[in-house]
Amino acid sequence: MSAIQSLNPKAEFARASVALQMNTTAARGLHDVLKTNLGPKGTMKMLVSGSGDIKLTKDGNVLLNEMQIQHPTASLIARAATAQDDITGDGTTSNVLLIGELLKQAELYITEGLHPRLIVDGFEIAKDVAMKVLTDMRCAGEVDKAVLMNVARTSLRTKLAQKMADHLTESVVDAVMTITGDNDKIDLFMVEIMTMQHKTETDTQLIRGIVLDHGARHPDMPKRLENVHILTCNVSLEYEKTEVNSGFFYKTARDREAMVLAERQFIDDRVRKIIAFKKQVCGDDDTKTFAVINQKGIDPFSLDMLAKEGIFAVRRAKRRNMERVTKACGGTAMNSVDDLSPDCLGHAGQLYEHVLGESKYTFIEDVVNPKSVTLLIKAPNSFTISQIKDAARDGLRAVKNAISDKAVVPGAGAFEIATHRALMEHKRSVKGRARLGVQAFADAMLVIPKVLAQNSGHDPQDTIVTLQEESQASDAYIGFDINTGEACLPADEGILDNYCVKRQLVKSCTMIASSLLLVDEVMRAGLSSLKEGGQ
(Lines give C-alpha, C1' and ligand atoms only; values in the text may rest on other atoms or scores of the structure.)
Protein backbone atom coordinates (compact mmCIF):
# COMPACT_ATOMS: atom_id res chain seq x y z
CA MET A 1 0.00 0.00 0.00
CA SER A 2 1.32 3.45 -0.93
CA ALA A 3 2.48 5.62 1.98
CA ILE A 4 0.47 8.52 0.60
CA GLN A 5 -2.77 6.61 1.20
CA SER A 6 -2.17 6.55 4.93
CA LEU A 7 -2.02 10.35 4.82
CA ASN A 8 -4.77 10.88 2.29
CA PRO A 9 -7.12 7.90 1.68
CA LYS A 10 -8.66 9.60 -1.37
CA ALA A 11 -5.33 10.04 -3.17
CA GLU A 12 -4.92 8.44 -6.60
CA PHE A 13 -1.52 6.98 -7.42
CA ALA A 14 0.36 4.88 -9.94
CA ARG A 15 3.58 3.09 -8.94
CA ALA A 16 6.76 1.78 -10.57
CA SER A 17 6.07 0.07 -13.91
CA VAL A 18 2.59 1.61 -14.16
CA ALA A 19 4.01 5.12 -13.70
CA LEU A 20 6.72 4.45 -16.30
CA GLN A 21 4.17 3.07 -18.75
CA MET A 22 1.95 6.10 -18.22
CA ASN A 23 4.82 8.50 -18.99
CA THR A 24 6.06 6.50 -21.97
CA THR A 25 2.55 6.18 -23.45
CA ALA A 26 2.02 9.95 -23.22
CA ALA A 27 5.39 10.68 -24.83
CA ARG A 28 4.76 8.22 -27.65
CA GLY A 29 1.27 9.61 -28.17
CA LEU A 30 2.64 13.11 -28.76
CA HIS A 31 5.43 11.58 -30.85
CA ASP A 32 2.88 9.89 -33.14
CA VAL A 33 0.83 13.08 -33.51
CA LEU A 34 3.75 15.30 -34.54
CA LYS A 35 6.06 12.93 -36.42
CA THR A 36 4.22 13.34 -39.74
CA ASN A 37 4.91 17.10 -39.66
CA LEU A 38 8.71 16.87 -39.64
CA GLY A 39 10.72 18.14 -42.57
CA PRO A 40 9.92 19.81 -45.90
CA LYS A 41 7.82 16.82 -47.01
CA GLY A 42 5.84 16.65 -43.77
CA THR A 43 2.06 16.79 -43.85
CA MET A 44 -0.15 19.44 -42.27
CA LYS A 45 -2.71 19.50 -39.49
CA MET A 46 -6.06 21.28 -39.61
CA LEU A 47 -7.08 22.81 -36.30
CA VAL A 48 -10.75 23.75 -35.94
CA SER A 49 -11.74 25.96 -33.01
CA GLY A 50 -15.04 25.83 -31.13
CA SER A 51 -16.31 28.75 -33.22
CA GLY A 52 -15.39 27.02 -36.48
CA ASP A 53 -12.20 28.97 -37.26
CA ILE A 54 -9.74 26.93 -39.32
CA LYS A 55 -5.96 26.91 -38.92
CA LEU A 56 -3.72 24.91 -41.26
CA THR A 57 -0.21 24.39 -39.93
CA LYS A 58 2.73 22.02 -39.64
CA ASP A 59 4.53 24.19 -37.08
CA GLY A 60 4.96 22.10 -33.91
CA ASN A 61 4.87 25.16 -31.66
CA VAL A 62 1.50 26.27 -33.03
CA LEU A 63 0.07 22.76 -32.71
CA LEU A 64 1.19 22.29 -29.11
CA ASN A 65 -0.15 25.71 -28.12
CA GLU A 66 -3.51 25.21 -29.85
CA MET A 67 -4.17 21.60 -28.85
CA GLN A 68 -6.03 20.94 -25.61
CA ILE A 69 -3.66 18.50 -23.86
CA GLN A 70 -5.05 17.02 -20.64
CA HIS A 71 -2.56 14.25 -19.84
CA PRO A 72 -0.10 15.62 -17.23
CA THR A 73 3.01 14.01 -18.77
CA ALA A 74 2.06 15.04 -22.30
CA SER A 75 1.41 18.57 -21.03
CA LEU A 76 4.87 18.63 -19.41
CA ILE A 77 6.54 17.54 -22.66
CA ALA A 78 4.52 20.08 -24.65
CA ARG A 79 5.60 22.90 -22.30
CA ALA A 80 9.24 21.83 -22.59
CA ALA A 81 8.98 21.76 -26.38
CA THR A 82 7.34 25.19 -26.60
CA ALA A 83 10.03 26.53 -24.26
CA GLN A 84 12.53 25.37 -26.90
CA ASP A 85 10.70 27.56 -29.43
CA ASP A 86 10.64 30.52 -27.04
CA ILE A 87 14.40 30.27 -26.51
CA THR A 88 15.63 29.47 -30.02
CA GLY A 89 12.63 29.88 -32.35
CA ASP A 90 12.70 26.36 -33.80
CA GLY A 91 13.09 22.66 -33.01
CA THR A 92 9.72 22.06 -31.34
CA THR A 93 8.75 18.98 -33.36
CA SER A 94 12.25 17.49 -33.10
CA ASN A 95 12.11 18.01 -29.34
CA VAL A 96 8.90 15.99 -28.97
CA LEU A 97 10.18 13.24 -31.29
CA LEU A 98 13.48 12.86 -29.46
CA ILE A 99 11.90 12.77 -25.98
CA GLY A 100 9.39 10.15 -27.16
CA GLU A 101 12.12 8.02 -28.75
CA LEU A 102 14.44 8.28 -25.72
CA LEU A 103 11.65 6.96 -23.47
CA LYS A 104 10.75 4.25 -25.98
CA GLN A 105 14.35 2.97 -26.22
CA ALA A 106 14.81 3.16 -22.44
CA GLU A 107 11.61 1.18 -21.86
CA LEU A 108 13.04 -1.76 -23.83
CA TYR A 109 15.86 -2.14 -21.29
CA ILE A 110 13.83 -1.28 -18.19
CA THR A 111 11.25 -3.99 -18.95
CA GLU A 112 14.16 -6.47 -18.95
CA GLY A 113 15.09 -5.43 -15.42
CA LEU A 114 17.60 -2.59 -15.89
CA HIS A 115 17.24 0.15 -13.27
CA PRO A 116 16.22 3.57 -14.67
CA ARG A 117 19.11 5.24 -12.79
CA LEU A 118 21.63 3.31 -14.91
CA ILE A 119 19.84 4.39 -18.08
CA VAL A 120 19.95 8.02 -16.92
CA ASP A 121 23.68 7.73 -16.17
CA GLY A 122 24.18 6.46 -19.72
CA PHE A 123 22.12 9.36 -21.08
CA GLU A 124 24.38 11.87 -19.28
CA ILE A 125 27.50 10.27 -20.76
CA ALA A 126 25.89 10.24 -24.22
CA LYS A 127 24.82 13.88 -23.90
CA ASP A 128 28.41 14.98 -23.31
CA VAL A 129 29.56 13.03 -26.38
CA ALA A 130 26.73 14.54 -28.48
CA MET A 131 27.70 18.06 -27.39
CA LYS A 132 31.32 17.38 -28.39
CA VAL A 133 30.19 16.12 -31.82
CA LEU A 134 28.05 19.23 -32.26
CA THR A 135 30.97 21.52 -31.38
CA ASP A 136 33.28 19.69 -33.79
CA MET A 137 30.89 19.75 -36.74
CA ARG A 138 29.76 23.38 -36.53
CA CYS A 139 30.91 25.62 -39.37
CA ALA A 140 32.23 28.61 -37.43
CA GLY A 141 33.37 31.89 -38.95
CA GLU A 142 31.89 34.93 -40.63
CA VAL A 143 28.29 34.30 -41.67
CA ASP A 144 27.63 35.98 -45.03
CA LYS A 145 24.37 36.51 -46.90
CA ALA A 146 24.64 33.22 -48.83
CA VAL A 147 24.84 31.25 -45.57
CA LEU A 148 21.94 33.21 -44.08
CA MET A 149 19.86 32.49 -47.18
CA ASN A 150 20.51 28.76 -46.77
CA VAL A 151 19.64 28.84 -43.06
CA ALA A 152 16.39 30.75 -43.69
CA ARG A 153 15.44 28.52 -46.62
CA THR A 154 16.03 25.36 -44.58
CA SER A 155 13.81 26.68 -41.77
CA LEU A 156 11.02 28.04 -43.98
CA ARG A 157 10.75 24.94 -46.18
CA THR A 158 9.77 22.92 -43.11
CA LYS A 159 6.82 25.29 -42.51
CA LEU A 160 5.63 26.30 -46.01
CA ALA A 161 5.38 24.98 -49.55
CA GLN A 162 8.73 25.13 -51.35
CA LYS A 163 7.75 27.90 -53.78
CA MET A 164 6.42 30.16 -51.01
CA ALA A 165 9.38 29.41 -48.74
CA ASP A 166 11.87 30.35 -51.45
CA HIS A 167 9.93 33.55 -52.16
CA LEU A 168 9.95 34.53 -48.48
CA THR A 169 13.61 33.62 -47.85
CA GLU A 170 15.21 36.73 -49.34
CA SER A 171 12.72 39.07 -47.65
CA VAL A 172 13.44 37.53 -44.24
CA VAL A 173 17.23 37.71 -44.67
CA ASP A 174 17.15 41.28 -45.99
CA ALA A 175 14.90 42.33 -43.09
CA VAL A 176 17.32 41.02 -40.44
CA MET A 177 20.42 42.34 -42.22
CA THR A 178 18.83 45.79 -42.51
CA ILE A 179 18.10 46.13 -38.80
CA THR A 180 21.38 44.57 -37.61
CA GLY A 181 23.20 47.23 -35.62
CA ASP A 182 26.73 47.58 -34.32
CA ASN A 183 28.24 44.51 -32.64
CA ASP A 184 25.56 42.37 -34.34
CA LYS A 185 22.84 43.56 -31.97
CA ILE A 186 19.49 42.53 -33.42
CA ASP A 187 16.08 43.60 -32.15
CA LEU A 188 13.48 41.60 -34.08
CA PHE A 189 10.74 43.90 -32.74
CA MET A 190 12.04 46.39 -35.31
CA VAL A 191 10.64 44.10 -38.02
CA GLU A 192 6.92 44.87 -38.18
CA ILE A 193 4.88 41.97 -39.58
CA MET A 194 1.83 43.53 -41.26
CA THR A 195 -0.92 41.45 -42.88
CA MET A 196 -3.32 42.32 -45.70
CA GLN A 197 -6.04 39.93 -46.91
CA HIS A 198 -5.39 40.87 -50.49
CA LYS A 199 -4.03 39.29 -53.73
CA THR A 200 -1.96 36.07 -53.40
CA GLU A 201 0.73 34.84 -51.03
CA THR A 202 3.46 35.38 -53.63
CA ASP A 203 2.76 39.13 -53.40
CA THR A 204 4.25 39.12 -49.88
CA GLN A 205 7.13 41.62 -49.87
CA LEU A 206 9.61 43.49 -47.72
CA ILE A 207 8.93 47.22 -47.34
CA ARG A 208 12.10 49.14 -46.46
CA GLY A 209 10.12 51.52 -44.33
CA ILE A 210 7.01 51.38 -42.18
CA VAL A 211 3.41 50.34 -42.88
CA LEU A 212 0.85 51.63 -40.38
CA ASP A 213 -2.50 49.86 -40.15
CA HIS A 214 -4.51 53.10 -40.13
CA GLY A 215 -4.61 56.26 -42.24
CA ALA A 216 -5.59 59.93 -42.11
CA ARG A 217 -8.87 60.78 -40.40
CA HIS A 218 -9.87 63.76 -42.56
CA PRO A 219 -11.17 63.49 -46.13
CA ASP A 220 -9.38 66.65 -47.30
CA MET A 221 -5.91 65.54 -46.28
CA PRO A 222 -3.52 64.62 -49.11
CA LYS A 223 -3.40 60.92 -50.02
CA ARG A 224 0.19 60.92 -51.33
CA LEU A 225 3.17 63.04 -50.34
CA GLU A 226 6.66 63.25 -51.83
CA ASN A 227 9.82 64.44 -50.03
CA VAL A 228 7.97 64.39 -46.73
CA HIS A 229 9.19 65.63 -43.33
CA ILE A 230 7.68 63.53 -40.54
CA LEU A 231 6.96 64.79 -37.03
CA THR A 232 6.50 61.91 -34.56
CA CYS A 233 4.90 63.10 -31.35
CA ASN A 234 2.99 62.07 -28.25
CA VAL A 235 0.94 65.24 -27.68
CA SER A 236 -2.79 65.46 -27.03
CA LEU A 237 -4.50 67.57 -29.70
CA GLU A 238 -8.03 67.03 -28.42
CA TYR A 239 -10.25 67.99 -25.49
CA GLU A 240 -9.51 65.72 -22.54
CA LYS A 241 -11.32 65.14 -19.30
CA THR A 242 -9.40 65.85 -16.12
CA GLU A 243 -7.85 62.93 -14.28
CA VAL A 244 -9.48 63.96 -11.00
CA ASN A 245 -13.09 64.83 -10.25
CA SER A 246 -13.55 68.53 -10.96
CA GLY A 247 -16.16 70.96 -12.10
CA PHE A 248 -16.56 74.44 -13.66
CA PHE A 249 -18.78 76.97 -11.95
CA TYR A 250 -20.15 79.98 -13.80
CA LYS A 251 -22.87 82.53 -13.23
CA THR A 252 -23.86 83.46 -16.77
CA ALA A 253 -23.85 81.94 -20.24
CA ARG A 254 -21.13 84.42 -21.18
CA ASP A 255 -18.86 83.01 -18.46
CA ARG A 256 -19.46 79.48 -19.73
CA GLU A 257 -18.70 80.56 -23.31
CA ALA A 258 -15.48 82.18 -22.17
CA MET A 259 -14.41 78.98 -20.40
CA VAL A 260 -15.15 76.84 -23.50
CA LEU A 261 -13.18 79.24 -25.72
CA ALA A 262 -10.24 79.24 -23.31
CA GLU A 263 -10.12 75.47 -23.32
CA ARG A 264 -10.38 75.37 -27.11
CA GLN A 265 -7.69 78.03 -27.33
CA PHE A 266 -5.31 75.79 -25.37
CA ILE A 267 -5.59 73.02 -28.00
CA ASP A 268 -5.59 75.44 -30.95
CA ASP A 269 -2.33 76.99 -29.75
CA ARG A 270 -0.65 73.59 -29.93
CA VAL A 271 -1.95 73.01 -33.46
CA ARG A 272 -0.84 76.49 -34.56
CA LYS A 273 2.67 75.78 -33.28
CA ILE A 274 2.79 72.65 -35.45
CA ILE A 275 1.51 74.63 -38.46
CA ALA A 276 4.07 77.39 -37.84
CA PHE A 277 6.79 74.74 -37.57
CA LYS A 278 5.70 73.25 -40.88
CA LYS A 279 5.95 76.66 -42.54
CA GLN A 280 9.39 77.16 -41.02
CA VAL A 281 10.64 73.82 -42.37
CA CYS A 282 8.95 73.78 -45.77
CA GLY A 283 8.74 77.51 -46.46
CA ASP A 284 7.38 78.30 -49.90
CA ASP A 285 8.98 75.22 -51.45
CA ASP A 286 6.13 73.16 -52.96
CA THR A 287 8.36 70.10 -53.28
CA LYS A 288 8.54 69.76 -49.48
CA THR A 289 5.62 68.27 -47.59
CA PHE A 290 4.78 67.61 -43.94
CA ALA A 291 3.17 64.78 -41.95
CA VAL A 292 2.31 64.30 -38.27
CA ILE A 293 2.16 60.86 -36.60
CA ASN A 294 0.66 61.29 -33.15
CA GLN A 295 0.31 58.63 -30.47
CA LYS A 296 -2.54 60.51 -28.79
CA GLY A 297 -5.79 61.82 -30.23
CA ILE A 298 -6.48 64.68 -32.66
CA ASP A 299 -10.00 66.08 -32.54
CA PRO A 300 -12.00 67.09 -35.66
CA PHE A 301 -11.31 70.82 -35.25
CA SER A 302 -7.55 70.20 -35.10
CA LEU A 303 -7.72 67.81 -38.06
CA ASP A 304 -9.53 70.49 -40.05
CA MET A 305 -6.83 73.08 -39.27
CA LEU A 306 -4.07 70.65 -40.28
CA ALA A 307 -5.87 69.62 -43.49
CA LYS A 308 -6.20 73.28 -44.61
CA GLU A 309 -2.40 73.54 -44.41
CA GLY A 310 -1.90 70.34 -46.46
CA ILE A 311 -0.54 68.38 -43.48
CA PHE A 312 -1.12 64.62 -43.40
CA ALA A 313 -1.97 63.57 -39.82
CA VAL A 314 -2.35 60.14 -38.24
CA ARG A 315 -3.80 59.93 -34.74
CA ARG A 316 -3.63 57.22 -32.09
CA ALA A 317 -0.67 55.46 -33.66
CA LYS A 318 0.26 52.29 -31.81
CA ARG A 319 2.89 52.74 -29.16
CA ARG A 320 5.11 50.05 -30.70
CA ASN A 321 5.15 51.98 -34.00
CA MET A 322 6.45 55.20 -32.46
CA GLU A 323 9.93 53.77 -32.01
CA ARG A 324 9.79 51.98 -35.35
CA VAL A 325 8.96 55.19 -37.23
CA THR A 326 11.91 57.08 -35.72
CA LYS A 327 14.22 54.10 -36.38
CA ALA A 328 13.11 53.95 -40.00
CA CYS A 329 12.91 57.64 -40.87
CA GLY A 330 15.15 59.27 -38.29
CA GLY A 331 14.20 62.10 -35.97
CA THR A 332 12.96 62.00 -32.37
CA ALA A 333 9.56 61.32 -30.84
CA MET A 334 8.49 64.59 -29.17
CA ASN A 335 6.40 64.90 -26.02
CA SER A 336 5.82 68.65 -26.36
CA VAL A 337 5.30 71.15 -29.17
CA ASP A 338 7.28 73.85 -27.34
CA ASP A 339 10.76 72.67 -28.33
CA LEU A 340 10.31 71.74 -31.99
CA SER A 341 13.40 71.97 -34.20
CA PRO A 342 14.33 70.55 -37.64
CA ASP A 343 16.56 67.97 -35.91
CA CYS A 344 13.54 66.21 -34.44
CA LEU A 345 12.04 65.50 -37.87
CA GLY A 346 12.33 62.29 -39.83
CA HIS A 347 12.39 62.19 -43.62
CA ALA A 348 10.96 59.85 -46.26
CA GLY A 349 10.89 59.93 -50.04
CA GLN A 350 7.18 59.18 -50.15
CA LEU A 351 4.20 58.65 -47.89
CA TYR A 352 0.90 57.41 -49.24
CA GLU A 353 -2.39 55.95 -48.10
CA HIS A 354 -3.68 52.60 -49.35
CA VAL A 355 -7.38 51.79 -48.89
CA LEU A 356 -8.45 48.15 -48.78
CA GLY A 357 -12.19 47.79 -48.19
CA GLU A 358 -12.91 49.60 -44.94
CA SER A 359 -9.28 49.40 -43.79
CA LYS A 360 -6.66 52.07 -44.41
CA TYR A 361 -2.89 51.57 -44.48
CA THR A 362 -0.21 54.25 -44.48
CA PHE A 363 3.03 53.41 -46.30
CA ILE A 364 6.24 55.31 -45.49
CA GLU A 365 8.91 54.39 -48.04
CA ASP A 366 12.15 55.55 -49.70
CA VAL A 367 13.91 56.20 -46.40
CA VAL A 368 17.68 56.47 -45.99
CA ASN A 369 19.44 53.78 -43.92
CA PRO A 370 16.35 52.40 -42.14
CA LYS A 371 16.81 50.49 -38.88
CA SER A 372 13.22 49.29 -38.91
CA VAL A 373 11.38 47.57 -41.77
CA THR A 374 7.99 45.98 -42.46
CA LEU A 375 7.32 42.48 -43.77
CA LEU A 376 4.02 42.88 -45.61
CA ILE A 377 2.23 39.52 -45.80
CA LYS A 378 -0.52 39.18 -48.39
CA ALA A 379 -2.81 36.20 -48.96
CA PRO A 380 -6.41 35.61 -50.10
CA ASN A 381 -7.62 34.08 -46.80
CA SER A 382 -6.99 34.30 -43.07
CA PHE A 383 -5.55 30.81 -42.47
CA THR A 384 -2.91 31.26 -45.20
CA ILE A 385 -1.94 34.60 -43.65
CA SER A 386 -1.66 32.95 -40.23
CA GLN A 387 0.50 30.15 -41.64
CA ILE A 388 2.89 32.55 -43.41
CA LYS A 389 3.05 34.82 -40.34
CA ASP A 390 4.08 31.95 -38.05
CA ALA A 391 6.67 30.76 -40.58
CA ALA A 392 8.09 34.28 -41.04
CA ARG A 393 8.67 34.58 -37.30
CA ASP A 394 10.60 31.30 -37.29
CA GLY A 395 12.60 32.39 -40.33
CA LEU A 396 13.55 35.69 -38.68
CA ARG A 397 14.67 33.86 -35.53
CA ALA A 398 16.72 31.39 -37.61
CA VAL A 399 18.63 34.21 -39.33
CA LYS A 400 19.13 36.05 -36.03
CA ASN A 401 20.48 32.86 -34.40
CA ALA A 402 22.97 32.30 -37.23
CA ILE A 403 24.31 35.85 -36.89
CA SER A 404 24.47 35.65 -33.08
CA ASP A 405 26.11 32.18 -33.02
CA LYS A 406 28.54 33.04 -35.83
CA ALA A 407 28.19 29.35 -36.70
CA VAL A 408 25.85 26.86 -38.39
CA VAL A 409 25.69 23.07 -38.54
CA PRO A 410 24.84 20.77 -41.48
CA GLY A 411 21.18 19.72 -41.48
CA ALA A 412 19.27 16.87 -43.16
CA GLY A 413 19.92 14.52 -40.21
CA ALA A 414 23.74 14.86 -40.46
CA PHE A 415 24.15 15.68 -36.76
CA GLU A 416 22.06 12.70 -35.68
CA ILE A 417 23.97 10.26 -37.92
CA ALA A 418 27.35 11.63 -36.75
CA THR A 419 26.26 11.44 -33.10
CA HIS A 420 25.09 7.82 -33.49
CA ARG A 421 28.43 6.87 -35.00
CA ALA A 422 30.41 8.65 -32.25
CA LEU A 423 28.31 7.07 -29.49
CA MET A 424 28.74 3.55 -30.86
CA GLU A 425 32.50 4.07 -30.81
CA HIS A 426 32.47 5.66 -27.36
CA LYS A 427 30.27 2.88 -25.93
CA ARG A 428 33.24 0.50 -25.95
CA SER A 429 35.03 2.64 -23.37
CA VAL A 430 32.02 2.82 -21.01
CA LYS A 431 32.11 0.25 -18.25
CA GLY A 432 29.14 -1.34 -16.55
CA ARG A 433 25.50 -1.34 -17.49
CA ALA A 434 25.51 2.42 -18.14
CA ARG A 435 26.66 1.52 -21.66
CA LEU A 436 23.11 0.31 -22.29
CA GLY A 437 21.94 3.88 -21.66
CA VAL A 438 24.49 5.10 -24.21
CA GLN A 439 23.16 2.49 -26.66
CA ALA A 440 19.57 3.65 -26.05
CA PHE A 441 20.56 7.29 -26.62
CA ALA A 442 22.40 6.42 -29.85
CA ASP A 443 19.42 4.48 -31.21
CA ALA A 444 17.03 7.31 -30.24
CA MET A 445 19.07 9.88 -32.22
CA LEU A 446 18.20 8.01 -35.42
CA VAL A 447 14.52 8.96 -35.07
CA ILE A 448 15.06 12.25 -36.97
CA PRO A 449 16.49 10.72 -40.21
CA LYS A 450 13.99 7.83 -39.92
CA VAL A 451 11.00 10.16 -39.78
CA LEU A 452 12.44 12.39 -42.53
CA ALA A 453 12.68 9.32 -44.76
CA GLN A 454 9.21 8.08 -43.83
CA ASN A 455 7.59 11.48 -44.51
CA SER A 456 9.37 11.64 -47.88
CA GLY A 457 7.94 8.28 -48.99
CA HIS A 458 11.18 6.30 -48.58
CA ASP A 459 11.86 3.17 -46.53
CA PRO A 460 13.27 4.15 -43.08
CA GLN A 461 15.37 0.99 -42.62
CA ASP A 462 16.99 1.24 -46.06
CA THR A 463 17.68 4.91 -45.45
CA ILE A 464 19.39 4.35 -42.07
CA VAL A 465 21.53 1.51 -43.45
CA THR A 466 22.58 3.62 -46.44
CA LEU A 467 23.43 6.65 -44.30
CA GLN A 468 25.43 4.57 -41.82
CA GLU A 469 27.40 2.89 -44.61
CA GLU A 470 28.19 6.24 -46.22
CA SER A 471 29.14 7.73 -42.85
CA GLN A 472 31.53 4.86 -42.09
CA ALA A 473 33.15 5.17 -45.54
CA SER A 474 33.68 8.94 -45.34
CA ASP A 475 34.84 11.49 -42.80
CA ALA A 476 32.38 14.04 -44.17
CA TYR A 477 29.07 14.73 -42.44
CA ILE A 478 26.41 12.77 -44.31
CA GLY A 479 22.74 13.74 -44.50
CA PHE A 480 19.58 12.48 -46.17
CA ASP A 481 18.34 13.74 -49.55
CA ILE A 482 14.54 13.76 -49.29
CA ASN A 483 14.12 13.89 -53.08
CA THR A 484 16.28 10.92 -54.12
CA GLY A 485 16.35 8.93 -50.88
CA GLU A 486 20.13 8.74 -51.08
CA ALA A 487 22.90 10.15 -48.91
CA CYS A 488 24.08 13.71 -49.58
CA LEU A 489 26.44 16.35 -48.21
CA PRO A 490 24.11 18.87 -46.54
CA ALA A 491 26.73 21.65 -46.39
CA ASP A 492 27.19 21.46 -50.18
CA GLU A 493 23.42 21.30 -50.77
CA GLY A 494 22.85 24.42 -48.65
CA ILE A 495 20.90 22.58 -45.93
CA LEU A 496 22.01 24.30 -42.73
CA ASP A 497 20.60 24.33 -39.19
CA ASN A 498 21.17 26.64 -36.24
CA TYR A 499 23.87 25.61 -33.79
CA CYS A 500 21.94 26.93 -30.77
CA VAL A 501 18.79 24.97 -31.75
CA LYS A 502 20.65 21.65 -31.82
CA ARG A 503 22.48 22.46 -28.58
CA GLN A 504 19.24 23.30 -26.77
CA LEU A 505 17.59 20.22 -28.28
CA VAL A 506 20.18 17.80 -26.88
CA LYS A 507 20.23 19.42 -23.44
CA SER A 508 16.47 19.80 -22.91
CA CYS A 509 15.49 16.38 -24.33
CA THR A 510 18.03 14.57 -22.17
CA MET A 511 16.90 16.43 -19.07
CA ILE A 512 13.15 15.86 -19.62
CA ALA A 513 13.56 12.19 -20.60
CA SER A 514 15.82 11.54 -17.58
CA SER A 515 13.36 13.22 -15.22
CA LEU A 516 10.45 11.15 -16.53
CA LEU A 517 12.42 7.90 -16.29
CA LEU A 518 13.19 8.55 -12.62
CA VAL A 519 9.48 8.97 -11.76
CA ASP A 520 8.51 5.89 -9.75
CA GLU A 521 5.16 7.11 -8.43
CA VAL A 522 2.52 9.44 -9.84
CA MET A 523 0.15 10.86 -7.22
CA ARG A 524 -2.95 12.96 -7.52
CA ALA A 525 -3.15 14.07 -3.92
CA GLY A 526 -3.71 17.81 -3.96
CA LEU A 527 -5.86 19.75 -1.50
CA SER A 528 -8.98 19.27 -3.63
CA SER A 529 -8.92 15.50 -2.99
CA LEU A 530 -9.40 16.09 0.75
CA LYS A 531 -12.56 18.12 0.25
CA GLU A 532 -15.99 16.56 0.49
CA GLY A 533 -16.68 14.79 -2.79
CA GLY A 534 -13.19 15.58 -4.14
CA GLN A 535 -11.95 13.52 -7.07
Side-chain angles (χ1 to χ4, degrees), residues 19-50 52-108 155 157-161 383 386-387 390-391 393-394 413 416 443-460 463 480 482 501 504-506 508-513 515-517 519 522:
L20 176 65
Q21 185 181 13
M22 175 181 129
N23 290 340
T24 307
T25 303
R28 291 174 69 173
L30 266 185
H31 173 285
D32 291 341
V33 169
L34 292 185
K35 73 176 183 179
T36 55
N37 297 351
L38 187 72
K41 299 276 188 177
T43 54
M44 303 182 79
K45 297 283 190 291
M46 177 187 287
L47 298 172
V48 184
S49 70
D53 294 334
I54 294 174
K55 197 166 197 177
L56 290 173
T57 185
K58 60 193 289 193
D59 187 337
N61 182 51
V62 175
L63 283 169
L64 293 175
N65 279 319
E66 297 283 341
M67 286 194 302
Q68 298 295 322
I69 301 174
Q70 295 183 341
H71 194 288
T73 306
S75 179
L76 171 67
I77 296 171
R79 285 200 298 269
T82 51
Q84 160 100 13
D85 188 89
D86 295 338
I87 296 167
T88 63
D90 208 351
T92 314
T93 305
S94 300
N95 197 300
V96 171
L97 295 186
L98 192 50
I99 291 173
E101 193 68 16
L102 283 169
L103 291 176
K104 176 183 173 184
Q105 295 295 334
E107 188 184 27
L108 297 176
S155 175
R157 281 186 177 181
T158 63
K159 311 289 189 302
L160 299 170
F383 54 82
S386 178
Q387 185 184 351
D390 292 333
R393 285 205 180 96
D394 287 353
E416 288 77 13
D443 292 339
M445 291 301 290
L446 294 178
V447 68
I448 302 297
K450 275 182 185 175
V451 172
L452 282 174
Q454 195 171 355
N455 290 348
S456 306
H458 301 288
D459 185 81
T463 299
F480 173 65
I482 58 173
V501 172
Q504 180 69 21
L505 183 69
V506 172
S508 66
C509 289
T510 307
M511 184 189 72
I512 296 296
S515 299
L516 292 175
L517 285 174
V519 171
V522 179

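FYI, the numbering just counts along the sequence from 1.
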For the residue pair [X] and [Y], what are the closest heavy atoms and their distance?
{"X": "H31", "Y": "V96", "result": "N-CG1, 3.9 Å"}
{"X": "A27", "Y": "L103", "result": "CB-CD1, 3.4 Å"}
{"X": "A453", "Y": "T463", "result": "CB-OG1, 3.4 Å"}
{"X": "P460", "Y": "Q454", "result": "CG-CB, 4.2 Å"}
{"X": "A74", "Y": "L30", "result": "O-CD1, 3.4 Å"}

Is any side-chain heavy atom of [X] less than 4.5 Å from a side-chain heavy atom of [Y]?
{"X": "E107", "Y": "L517", "result": "no"}
{"X": "L38", "Y": "L452", "result": "yes"}
{"X": "K45", "Y": "V33", "result": "yes"}
{"X": "L108", "Y": "D443", "result": "no"}
{"X": "T93", "Y": "V451", "result": "no"}

With rounding to the nearest 0.5 angstrom, report the [atom1] to [atom2] distance, [X] to [Y].
{"X": "M445", "Y": "L98", "atom1": "CE", "atom2": "CG", "answer": "5.5 Å"}
{"X": "L505", "Y": "E416", "atom1": "CG", "atom2": "CD", "answer": "7.5 Å"}
{"X": "L102", "Y": "C509", "atom1": "CG", "atom2": "SG", "answer": "6.5 Å"}
{"X": "R28", "Y": "K104", "atom1": "CZ", "atom2": "NZ", "answer": "5.5 Å"}
{"X": "I99", "Y": "M511", "atom1": "CD1", "atom2": "CE", "answer": "8.5 Å"}

Worksheet item: For the side chain of N455 and the backbone of K35, is there at least one donor-acceptor N/O pair under 3.5 Å apart?
Response: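 Yes: the side chain of N455 pairs with the backbone of K35.
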Worksheet item: Is the backbone N or O of K41 less than 3.5 Å from a side-chain atom of S456, with the two atoms forming a donor-acceptor pair by type?
Response: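 Pair absent, no side-chain N/O of S456 close to backbone of K41.
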Practice prompt. Would you sort out whether T158 and D394 count as a side-chain contact (heavy atoms from CB on, under 4.5 Å), showing the intermediate values?
Written response: CA-CA 10 Å; T158 63; D394 287 353; over 6 Å; no
Practice prompt. In sequence, state the C-alpha distance, the side-chain angles, and the governing distance for N95 and I512, and then conclude on side-chain contact (heavy atoms from CB on, under 4.5 Å).
Written response: CA-CA 10 Å; N95 197 300; I512 296 296; 5.8 Å; no
Worksheet item: Can you check side-chain contact (heavy atoms from CB on, under 4.5 Å) on T73 and M22, steps first, answer last?
Response: CA-CA 8 Å; T73 306; M22 175 181 129; 3.9 Å; yes
